[in-house]
Amino acid sequence: MTIKEKAQAVVEEFWMFDDWMDKYAYLIELGKDLPVIDSQFKTNNHLISGCQSRVWLHAEEQEGQIVFTADSDAVITKGIVSLLIRILSNHTPKEILEADFSFLESIGLQEHLSPTRANGLASMIKQIQLYARAFQLKSNQL
Amino acid sequence: MTIKEKAQAVVEEFWMFDDWMDKYAYLIELGKDLPVIDSQFKTNNHLISGCQSRVWLHAEEQEGQIVFTADSDAVITKGIVSLLIRILSNHTPKEILEADFSFLESIGLQEHLSPTRANGLASMIKQIQLYARAFQLKSNQL
Amino acid sequence: MAFPVNQLRNDFPILSTQVHGKPLVYFDNGATTQKPRQVIDRLVQYYETENSNVHRGAHHLSNLATVSFEGARNFIAQYINAQRTEEVIFTRGTTDSINLVASSFHSFIQKGDEVLITAMEHHSNLVPWQQLCKNKEAHLCVIQVLEDGMLDMPVARKMLSPKVKILAFTHISNVLGTINPVKELVAEAHRYNIPVLIDGAQAIAHVQVDVQELDCEFYAFSAHKAYGPMGTGVLYGKSEWLNKLPPCQFGGEMIDQVSFDKTVFNKLPYKFEAGTPNVADVLGMETALRYLDTLGIKNIQQYEDGLLEHATSSLLKIPGIKIIGRAKQKTAVISFIVEGIHPYDLGTLLDQMGIAVRTGNHCAQPLVESLGLNGTIRVSFGLYNTLSEVDYFIDSLKRAINMLL
Amino acid sequence: MAFPVNQLRNDFPILSTQVHGKPLVYFDNGATTQKPRQVIDRLVQYYETENSNVHRGAHHLSNLATVSFEGARNFIAQYINAQRTEEVIFTRGTTDSINLVASSFHSFIQKGDEVLITAMEHHSNLVPWQQLCKNKEAHLCVIQVLEDGMLDMPVARKMLSPKVKILAFTHISNVLGTINPVKELVAEAHRYNIPVLIDGAQAIAHVQVDVQELDCEFYAFSAHKAYGPMGTGVLYGKSEWLNKLPPCQFGGEMIDQVSFDKTVFNKLPYKFEAGTPNVADVLGMETALRYLDTLGIKNIQQYEDGLLEHATSSLLKIPGIKIIGRAKQKTAVISFIVEGIHPYDLGTLLDQMGIAVRTGNHCAQPLVESLGLNGTIRVSFGLYNTLSEVDYFIDSLKRAINMLL
Ligand SMILES: Cc1ncc(COP(=O)(O)O)c(C=O)c1O
Ligand SMILES: Cc1ncc(COP(=O)(O)O)c(C=O)c1O
């Protein structure tokens, strides 16, 4: 699936729930299911600032695609980062850099998040894009 | 006339005017008529603080009674001090110290004056009472 | 007479708004309080009929504004039982009041001197002193907090000495709810002639504040935490001290005479009030304190104590909950954590159910860290909160915990 | 299109009040301006539906307040054409903004350095620098004002040198109405890398303020002089400078990390905003500037210029009147004296006729004294004043002069 298709699937899943409490319950389940990041990567180096909760994000290249793993001490935050990873993991740097993040608006997430959390989300996206750019640079140099 | 009678006369004069512009016109006339203080007394020593305009007040004893003379650079202020002097000059220290200043309320002056001016008026009265107390002390010591 | 909470809730327009489709339950009164209609109306009335710069004009509006403004000072001085009206300085709030004293204290601190605070201070009553000490090579000494959230008084007594140039501590902890033994500590400090500053941010809306009884040299509070508007607050100071301290902001009414060479400052209280004062919000603050006065601060305290007891006992029935701060003397502030759950997650879900609580370190990072925590959930009550709101909160909390565990 | 003054007067509730039985004629806009309904309504709406502490909570109201508050910062940054939003610092007003810079500048001034101001400064842009120089044994140097009320530019140029560490002067004189050649002086100062602070208190409501075009390092103004609420204002600063300056008030959101030993300050703009911000009044300030923006500041200036011309020519026809300040570039401020009459007497009688003017030294004592005066009468116009109010003022003035002479 393309990033766009995966994002569309997530938006549809979210629209299934009328109630935001249910959407949160879903995010919490996602958060709990998030494959835990390798503990060697839970360092300050991998920490994303801008959240009341802490988020660690790690990226690896596998056959030209980036695989993200992440963790957070808050489970809702974990759910949000899990969403992002599900959509953006296993794509090439180019695909990630060209991705359209407006699906977040369709979910209503940004509008529903506190500014601290929205900042956190923005920081996560920025970090994901930074990783993509770094890998792109590296492969261009080869 | 006693202080009280003089004050009553002033109150009645003021009540003759319906319009505050006329009352001010009257104060201005009083101000213009105020016998000018002897210039040797227009010193910082005789200056009363607390006014946007400056007021000089001088007191002399004549046969057990206090005679006040005053000046101001603003003519309305001069009118006000002239009123006070008319009522309080030529009385004994004791009479002055016992005087009831509520006539000022009957005139409506205090309520009509700006706080700066009301402060100025309060300072004038305080200064008048200080003079009276000083003369009283002096005569008690004799 | 029962506390007329249902009636007075009608005074607070925001209480009838909805959050995420649920009625608002506002339990973040420690951060800021909501405003009664009376306070909002006072602002409107001021701007519609009295607005002017004070002290400066000789015209009618200026007179109205000046009389109202100084009348507010007079009422507030009475409300906190200051000896003199000019001991009430209008500032921007608690933080501004404390910074004013700390700045002005520069000339009273020498290298090697000590400034004494406690481990439960809000950043606003910590960092100004820390920076002062840093500038002056003085020592910032810290009275520790015991496990139950009370000050370690025997140690506190030992830390007092002639080296201490000022003691600054909070009347009531914004994290723990602890009411500190102000009178006692002030008396101890005075044995060494140490002046005392009390941070009253969390006290003014909840307990009686009588500065003469407390006998402190300085007392600071914010209007916005006592049902008044944002943007103003008070520094009370004993006049002998305020006369001694140099001003630290310059301009406007605080000046008596000025030439390019030299300035003579105005007398109290103006000396410390540089620039156009915030007349509207000061009048709003007066109205808010009159509102408290009409209800009676002791009635309010008693009522809030009831909320505190009910909430505390209900919380303790929930497995996994730990309440942080169990002092004997407390106001209606409860910090807690739930084992295995991040406070931020709980805060988010409670918010979805309409309940406003605060999570994090509450601007008291050193305290929260010293307790081995990375944050707490704090509920803090105001005079308009009800027992049934507490019940709804407890139910919502259980639901949230179930979702998160 | 004619300026819709009659229509917009309806926006200002206070303009329909009476003073001593006469309709209010408010000509004291230099001291503070009246507030349109829109601004008052914004305060009410905030307190009735959005009130909360910003940044700190994870709850709905806190989010609303934060979004509104940062939205205001964003709009205001655009309004003055700042390059970055975080270059807008919210303060209590002009005086507070200038004091902030002067305090923070302590570390940039050495013994023997110079601070350059002008002879037409308001006390708020004079005394902070004077006290800084006093503390640091630096020199306060003063650019003189010529007879017509303009700066002595050739002399100003000569006073600039590498010894000058900051140049601070007013955009527009509150006494004379003079619009100073800001761009030109800033460019001259930059030849020596001297940073420049502009006191914009009298400018923000009357002329276009484009900080990038002026190219000044700092720009200060108050909301209350631009139809906004009391209690707030702005310090604009170029981010490179704001990043360099140390904060001078501590507590609240301005802190990133803190332990008892050490504090790491937050980034811009929070670094300079200690304590709970004045959210309500900041939103009111935004509304006021939007109000100006809708009318168009150039239309306002043109309209007020009309009032200025009419008032000036009418005044000059009255015998014995002398206008103080005849600069070519002026805003609608007229200071004058009448031979043989004390300004205070005139002010009092005008007030009896419903007209609010200001008398005295207008917090610019050194300027007024250097002109050999003990005070002036000042009329200062706002966007809601009318030609017929000017006519009524002229008639009333003649009547007052007749009574007093
Ligand atoms: C030129 C000038 N600068 C500074 C100020 C001070 O402004 P504020 O009192 O709002 O701080 C004023 C107004 O009083 C002014 O006219
Ligand atoms: C104990 C305490 N001190 C100081 C403050 C600071 O108050 P403000 O932000 O109103 O200046 C607060 C509130 O935030 C507080 O709870």
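Reminder, nothing fancy here: chain letters follow the sequence lines and each chain counts from 1. We use all heavy atoms of the structure for the numbers below, so side chains are in, but hydrogens, waters and symmetry mates are not.
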Practice item. With side chain to side chain contact (heavy atoms under 4.5 Å, CB included) as the test, would you mind laying out the steps for L126(D) and F250(C) before giving the verdict? Key: CA-CA 9 Å; L126(D) 189 178; F250(C) 312 98; over 6 Å; no
Study note, to complete from the structure: Among V39(D), V19(D), L15(D), the residue with the most heavy-atom pairs under 4.5 Å to chain C is V19(D)
Revision key, fill the gap. When the 4.5 angstrom heavy-atom criterion is applied to H362(D) and chain C, the contacting part is neither
Practice item. Against chain D, label F12(C) side chain, backbone, both or neither, depending on which of its atoms sit under 4.5 Å from a heavy atom there. Key: neither
Revision key, fill the gap. Greatest number of non-hydrogen atom pairs under 4.5 angstrom with chain C, of D41(D), L43(D), T49(D), falls to T49(D)
Exercise for review: Against chain C, label C248(D) side chain, backbone, both or neither, depending on which of its atoms sit under 4.5 Å from a heavy atom there.
Suggested key: backbone
Point to revise | Proximity breakdown for D261(D) and chain C, heavy-atom pairs closer than 4.5 Å | key: backbone
Revision key, fill the gap. Heavy-atom nearest pair, H59(C) first then D28(D), reads NE2-OD2, 2.8 Å
Revision key, fill the gap. Counting heavy-atom pairs under 4.5 Å with chain D, the top scorer among N278(C), I355(C), N361(C) is N278(C)
Study note, to complete from the structure: Given Q131(C), H123(C), R37(C), M230(C), the one with more heavy-atom pairs under 4.5 angstrom with chain D than any other is M230(C)
Point to revise | Option in D96(C), V44(C), I98(C) with maximal non-hydrogen atom pairs under 4.5 Å from chain D | key: D96(C)
Review point. Which atom names give the shortest non-hydrogen contact between C363(C) and G252(D), and what distance separates them?
Key: SG-CA, 4.1 Å
Practice item. Pick whichever of G93(D), A119(D), A280(D) has the most heavy-atom pairs under 4.5 Å with chain C. Key: A119(D)
Review point. Between S124(D) and G251(C), what is the shortest heavy-atom contact and its length?
Key: OG-CA, 3.5 Å
Point to revise | Beyond-backbone contact of T276(C) with T32(D), side-chain heavy atoms, under 4.5 angstrom | key: no
Exercise for review: Might you point out which heavy atoms bring Q34(D) and Y47(C) nearest each other, and give the distance in Å?
Suggested key: OE1-O, 4.5 Å
Practice item. Measure F27(D) against the heavy atoms of chain C and call it side chain, backbone, both or neither at under 4.5 Å. Key: neither
Practice item. Give, as side chain, backbone, both or neither, the part of A102(D) having an atom under 4.5 angstrom from any heavy atom of chain C. Key: neither
Practice item. Would you mind checking which part of S259(D) comes under 4.5 Å of any heavy atom in chain C, side chain (CB onward), backbone (N, CA, C, O), both or neither? Key: backbone
Review point. Rounded to the nearest 0.5 Å, how far apart are CD of E48(C) and NZ of K35(D)?
Key: 13.0 Å
Exercise for review: Tell me, for T33(D) versus chain C, whether the close heavy atoms (under 4.5 Å) come from the side chain, the backbone, both or neither.
Suggested key: backbone
Practice item. Verify side chain to side chain contact (heavy atoms under 4.5 Å, CB included) between H224(D) and N53(C), making sure each step is shown before the conclusion. Key: CA-CA 9 Å; H224(D) 75 95; N53(C) 214 320; 4.2 Å; yes
Check your understanding: If you count heavy-atom pairs under 4.5 Å between each of T17(D), L140(D), V279(D), T348(D) and chain C, which one has the most?
Key -> V279(D)
Study note, to complete from the structure: Looking only at E50(C), E369(C), K262(C), most heavy-atom pairs under 4.5 Å shared with chain D are made by K262(C)
Point to revise | Main-chain N/O of Q249(C) paired with N99(D) side-chain donor or acceptor, under 3.5 Å | key: no
Check your understanding: Side chain, backbone, both or neither: which part of D281(D) has a heavy atom under 4.5 Å from chain C?
Key -> side chain
Exercise for review: Measure Q130(D) against the heavy atoms of chain C and call it side chain, backbone, both or neither at under 4.5 Å.
Suggested key: side chain
Check your understanding: How long is the span from the OG1 atom in T95(D) to the CD atom in E273(C), to the nearest 0.5 Å?
Key -> 12.5 Å
Review point. Quick one: what part of L24(D) sits under 4.5 Å from any heavy atom of chain C, side chain, backbone, both or neither?
Key: side chain
Practice item. Would you mind telling me which of V258(C), V282(C), V142(C) has the largest number of heavy-atom pairs within less than 4.5 Å of chain D? Key: V258(C)
